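Only a predicted model underlies this, so the values are computations on that prediction, with no experimental measurement involved. Note that the numbering runs from 1 along the sequence shown for the chain.
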Amino acid sequence: MKYMFIFKRTSVTLFVLSLLSLGGGYYALQWISESQSTFKEEQSKKEFTIITTEYKSKTDDGKMIEVYRWNPGTIVVNEGDHVTLKFYGVQGIFHPFEIEKLGIKGEVKKGRETSVSFVAEKEGTYKIVCTAHADMQHNGPMVGYLIID
């Protein structure tokens, strides 16, 4: 059943049937297996752009408050995916970040893009934390989430 999608294409079906009828069953199955492998590799490449965002507001007593966020705040990928996260600095001068428990670190600067690539190896929810804005005292928390299913 895992190769069923290939047989829906007419030209592929004719090719496989001709190989089978000529006694090339082994080669047809090997070709299908290689095609499936290439298909999986292409399907498992995921790329996301994450921007830095700032929100400002005044309290009732006139005090200015602000907070920084990653946008989007949540990224979902599948276990085994080849993931590239492209961080783009829109607001704030710089944002050093870490994807907790994955050991991935970097720094986003205003007007620049920083990319990190990795294979999503273990299911779980991982925090993407800006270490400069880790709590409310530092205009945070600037936290996003990477969910590996």
Does N78 reach the main-chain N or O of D81 with its side chain, forming a donor-acceptor pair under 3.5 Å?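 No, N78 side chain to D81 backbone: no donor-acceptor pair under 3.5 Å.
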Under a 4.5 Å cut-off applied to non-hydrogen side-chain atoms, are [X] and [Y] in contact?
X    : Y    : value
I147 : T74  : yes
L146 : T125 : no
L85  : I99  : yes
T59  : I65  : yes
V116 : F87  : yes
M142 : W70  : yes

Going from [atom1] on [X] to [atom2] on [Y], what distance comes out if it is rounded to the nearest 0.5 angstrom?
X    : Y    : atom1 : atom2 : answer
I50  : R69  : CD1   : CZ    : 12.5 Å
F48  : K86  : CZ    : NZ    : 12.5 Å
E113 : I51  : CD    : CD1   : 12.0 Å
E54  : N71  : CD    : CG    : 13.5 Å
E98  : K127 : CD    : NZ    : 11.5 Å
E100 : K105 : CD    : NZ    : 10.5 Å

Does the pair Q91 and T53 meet the rule for a side-chain contact (heavy atoms from CB on, under 4.5 Å), with working shown? CA-CA 6 Å; Q91 295 174 310; T53 307; 4.1 Å; yes
Do you know the tightest heavy-atom contact between [X] and [Y]?
X    : Y    : value
A134 : P141 : O-CB, 3.5 Å
G140 : V67  : O-CG2, 3.7 Å
H82  : V119 : ND1-CG2, 3.6 Å

Given side-chain contact (heavy atoms from CB on, under 4.5 Å), test Y55 with E66 step by step and report yes or no. CA-CA 5 Å; Y55 297 95; E66 63 183 327; over 6 Å; no
Just wondering, are more than 12 heavy atoms of other shown residues or ligands nearer than 6.0 Å to [atom1] in [X]?
X    : atom1 : value
D60  : CG    : no
F94  : CZ    : no
M136 : CE    : no

If hydrophobic clusters are built by linking Ile, Leu, Val, Met, Phe, Trp and Tyr wherever their side-chain heavy atoms come under 4.5 Å apart, do [X] and [Y] end up in the same one?
X    : Y    : result
Y145 : Y126 : no
V143 : L102 : no
V108 : V83  : yes

Looking at K122 and E79, does any basic side-chain N land under 4.0 Å from a carboxylate oxygen?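 Salt bridge between K122 and E79, a charged N being under 4.0 Å from a carboxylate O: no.
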Any side-chain donor-acceptor pair under 3.5 Å between S117 and T84?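 Yes, T84 and S117 have a side-chain donor paired with an acceptor closer than 3.5 Å.
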Any chance you could lay out the side-chain contact (heavy atoms from CB on, under 4.5 Å) test for K110 and I93, step after step, and finish with the verdict? CA-CA 5 Å; K110 189 173 192 170; I93 298 169; 5.5 Å; no
Using the ring of each side chain (for Trp, its six-membered ring), is H133 parallel, tilted or perpendicular to H95, with breaks at 30° and 60°?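 Tilted, since the angle between the ring planes falls between 30° and 60°.
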Between K46 and I75, is the side-chain contact (heavy atoms from CB on, under 4.5 Å) condition met? List the steps. CA-CA 10 Å; K46 304 288 172 71; I75 302 289; over 6 Å; no
